[in-house]
Amino acid sequence: MAKSDDGIRILQGLLVFGNVVIGMCGIALTAECIFFVSDPHGLYPLLEATENDDIYAAAWIGIFVGFALFALSILGIIGVIKSNRTLLLVYIILMLITYAFEMASCITAATHRDFLTPNLFLKQMLERYQNSETENNNDNLMAERVMETWNKLMLQNQCCGVQGPSDWQEYTSAFRSTHSDADFPWPRNCCVLDARGSPVNLDGCKLGVQGYYNSNGCYDAISGPMNTYAWGVAWFGFAILCWTFCVLLGTMFYWSRIEY
Amino acid sequence: RPHSCPRHPGARTMLPLLLLLLLATAHGLNTIQYTPTLASSSLGGLITASTFTLEQPRCVFPEDPSNAVIWLVVAVPEAVPTFNDSVEPGSPERAFQRFPSSAPAYMTLNTTLLNYPCPKRPGDITVLRVGSETRCTKDDSRPTCNGPLPGPGPYRVKFISLNGSVPVAQTFWSEPITLRTAKPLGDIPATGSGHSASMIALTSILSILFAILLAGLVAMLAFWGSDTYGGSSTFSKPEAVTVRRYNTHHVYDQPAARL
């Protein structure tokens with residue numbers, strides 16, 4: 001009897017510890033997802049324009065799941081210490097619901113990360129950058145935001161286009177229909193700009209002389225943060241879920257051992 | 001008779017030929033052994049859809065005459081065999097605005113030898129951008145405009161040096177230069193690259209774990225009905241046990257009765 005008592009005590013201790021970890025991870029998940037949703041790199045308009053912004057939806061779900069995990073972990077600790085069957089049953093069912101939501105968030109983040117290819121951004125950039133003829137007001141606002149985002153990206157990361165300035169030469173674009181190829185082989189923001197925002201050497205930029213124009217593509221500057229967001233939500237969530245799985249199994253076992 | 005030198009029978013045809021040759025050299029069109037080439041390929045904008053960039057003809061033309069003006073001739077390849085060097089630049093036959101429909105070639109980028117100093121300073125970027133002037137594209141009063149080329153080409157170019165209006169020297173014709181053609185936007189494939197291995201692993205593992213948990217929940221609820229499961233391994237909640245002190249008062253009375 002004493003041995004079984006000890007075993008139960010150990011199980012109780014482990015479950016309390018497991019729930020403490022879940023609570024802390026829940027808070028960490030909430031904090032991480034709030035950070036992603038706040039969009040420090042300013043890339044949300046690009047995703048919104050491609051109609052592929054589900055990574056942000058996954059992050060929003062992550063915020064609420066994190067809170068829920070924290071609250072439920074407290075409930076779990078109380079239930080385990082008091083060995084109350086009802087409390088623990090409520091805990092298990094609510095945890096399973098939270099588990100399902102978090103699963104959805106992880107899978108969404110991972111799946112939509114796969115959609116973010118260079119071609120997706122290339123097509124969107126060529127269609128919307130400097131597009132003055134738009135179909136409706138909504139599109140116009142979106143096109144403006146896309147342009148602002150691209151300009152900011154090109155300025156901050158010293159890059160041009162998605163794979164390079166040759167993107168503007170290889171494909172037709174909205175930009176090309178309003179700006180002549182001889183004057184603007186690529187947008188002015190691809191030139192190295194001085195403090196006042198005008199090109200250091202306009203002819204050098206038009207010729208494509210190294211040092212007067214940005215010859216790198218911007219894809220790395222976009223995909224880097226996107227990967228961080230997506231994998232942050234997906235894999236951290238996956239780790240939490242694996243741990244929660246063990247704790248829940250332990251709790252179910254504990255519950256079945258309580259005599260009513 | 002003044003003299004009776006015997007004449008060669010073919011001398012009659014030789015003389016006009018000799019005269020022609022004399023005329024040609026008197027025309028002075030010296031062909032320099034130089035082929036105009038595109039500039040270095042490290043330039044990002046070497047060839048665009050309507051412009052291209054050539055190397056400047058440094059150390060190519062002779063110093064004499066020093067006031068000669070060097071022109072660039074841009075022509076469609078069909079016009080090269082029948083190209084007439086003595087047509088003046090700026091005439092309608094050589095106007096940029098009529099190229100290539102009614103003028104098979106045009107002349108532009110005129111400059112004196114002073115702008116092509118020899119020897120070339122190392123580190124200088126010595127290029128000529130053909131097609132950079134966009135303001136005079138439709139201006140008929142500027143037939144020597146260096147305007148953007150109207151199509152992807154191909155085009156052939158050469159340099160020609162004029163003293164006044166008389167051509168003095170020329171280079172070879174370049175190889176045909178073809179400009180870029182932009183592909184239509186719709187050609188970019190918009191479909192994603194499919195699902196990565198990590199996403200598939202994540203989805204499948206999570207689904208399996210969730211299934212196990214649901215099965216556990218079902219098992220739990222099935223056992224809820226049977227409260228008396230596993231007698232020896234269940235444990236009871238620690239109950240509050242009260243101990244009553246049982247006081248047997250008649251034990252103290254006994255010794256008093258004996259006495």
Side-chain angles (χ1 to χ4, degrees), chain A residues 1 4-5 8 83 85 89 92-93 96 99-100 103 106-107 110-111 113-117 119-120 122-123 126-127 164-166 169-173 176 180-183 185-186 203-210 213 215 231 234-235 238 241-242 245 248-249 252-253 255-260, chain B residues 39 42-51 53 125 127 129 131-134 137 147-149 180 182-196 198-200 202-203 205-207 209-210 212-214 216-217 219-221 223-224 227-230 232-238:
Chain A
M1 207 56 185
S4 150
D5 234 3
I8 289 301
S83 302
R85 263 199 161 187
L89 186 61
I92 289 173
I93 291 180
L96 280 178
Y99 193 98
M103 214 172 82
C106 291
I107 294 177
T111 311
R113 170 59 199 92
D114 287 341
F115 288 170
L116 301 180
T117 53
N119 279 343
L120 183 72
L122 181 63
K123 196 158 186 164
L126 293 173
E127 272 172 14
S166 55
Q169 288 291 311
E170 272 180 44
Y171 296 99
T172 58
S173 56
R176 183 58 61 230
S180 76
D181 170 78
D183 274 335
W186 29 75
D203 286 324
C205 177
K206 288 195 223 174
L207 271 175
V209 180
Q210 283 292 339
Y213 84 130
S215 50
W231 293 140
W235 288 107
F238 178 75
L241 288 182
C242 287
F245 170 78
L248 277 180
L249 273 188
M252 286 180 188
F253 179 73
W255 184 90
S256 64
R257 290 283 174 271
I258 302 175
E259 196 181 271
Y260 222 92
Chain B
S42 66
L43 291 177
L46 183 67
I47 298 187
T48 70
S50 58
T51 67
T53 307
I125 299 175
V127 295
R129 189 161 181 249
S132 57
E133 271 186 84
T134 46
T137 316
L149 295 155
R180 288 201 196 219
K183 288 183 271 199
L185 185 50
D187 275 5
I188 305 173
T191 54
S193 62
H195 299 297
S196 61
S198 33
M199 174 256 160
I200 293 177
L202 189 140
T203 310
I205 291 176
L206 284 182
S207 311
L209 295 185
F210 191 57
I212 295 174
L213 283 179
L214 282 180
L217 179 69
M220 245 174 65
L221 294 178
F223 286 143
W224 199 9
D227 284 51
T228 55
Y229 169 80
S232 62
S233 52
T234 54
F235 67 97
S236 339
K237 279 190 297 185

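Letters A, B, ... are given to chains in the order of the sequence lines, protein chains preceding strands, and every chain is numbered from 1.
With sequence neighbours excluded, the residues that form a side-chain contact (heavy atoms from CB on, under 4.5 Å) with A49(B) are D181(A). The side-chain contact (heavy atoms from CB on, under 4.5 Å) test applied to I200(B) returns H195(B), not counting sequence neighbours.
Side-chain N or O atoms of T172(A) include one that pairs as donor or acceptor with a backbone N or O of L185(B) at under 3.5 Å.
When all heavy atoms of L202(B) and A234(A) are compared, the pair lying nearest together is CD1-O, 3.9 Å. The heavy-atom pair separating M103(A) from F210(B) by the smallest distance is SD-CB, 3.7 Å. Between A182(A) and P148(B), the shortest heavy-atom distance links the atoms CB-CG, 3.8 Å.
Here the OG atom belonging to S132(B) is positioned 7.5 Å from the CG atom belonging to D203(A), to the nearest 0.5 angstrom. Residue L89(A) holds its CG atom at 6.0 Å from CG of L221(B), rounded to the nearest 0.5 Å. One finds the OG atom of S198(B) at 6.5 Å from the CG atom of D114(A) (value rounded to the nearest 0.5 Å). Note: I188(B) CD1 to Y171(A) OH = 5.0 Å, rounded to the nearest 0.5 Å. For the atom pair OH of Y99(A) and CG of L206(B), the computed distance is 5.5 Å after rounding to the nearest 0.5 Å. Q169(A) contributes atom CD, which lies 11.0 Å from atom CG of L46(B) (distance to the nearest 0.5 angstrom).
Options P184(B), S196(B), G131(B) differ in how many heavy-atom pairs under 4.5 Å they form with chain A, and the most are formed by S196(B). Listed options R180(B), K183(B), M199(B), E133(B) were ranked by heavy-atom pairs under 4.5 angstrom with chain A; first place goes to K183(B).
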Can you list the steps and then say if M252(A) with L213(B) is a side-chain contact (heavy atoms from CB on, under 4.5 Å)?
CA-CA 9 Å; M252(A) 286 180 188; L213(B) 283 179; 4.1 Å; yes

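Proximity to chain B involves both the backbone and the side chain of L96(A), based on heavy atoms less than 4.5 angstrom apart. When heavy atoms are compared at a cutoff of 4.5 Å, I93(A) approaches chain B solely by way of its side chain, counted from C-beta outward. Residue P165(A): no heavy atom, backbone or side chain, is found under 4.5 Å from chain B. For chain B, no part of F253(A) is nearby; none of its heavy atoms comes within less than 4.5 Å. Proximity to chain A involves both the backbone and the side chain of S50(B), based on heavy atoms less than 4.5 angstrom apart. Contact annotation for T111(A): both backbone and side-chain heavy atoms come within less than 4.5 Å of a heavy atom of chain B.
A heavy-atom distance below 4.5 Å is not found between the side chains of L209(B) and L241(A).
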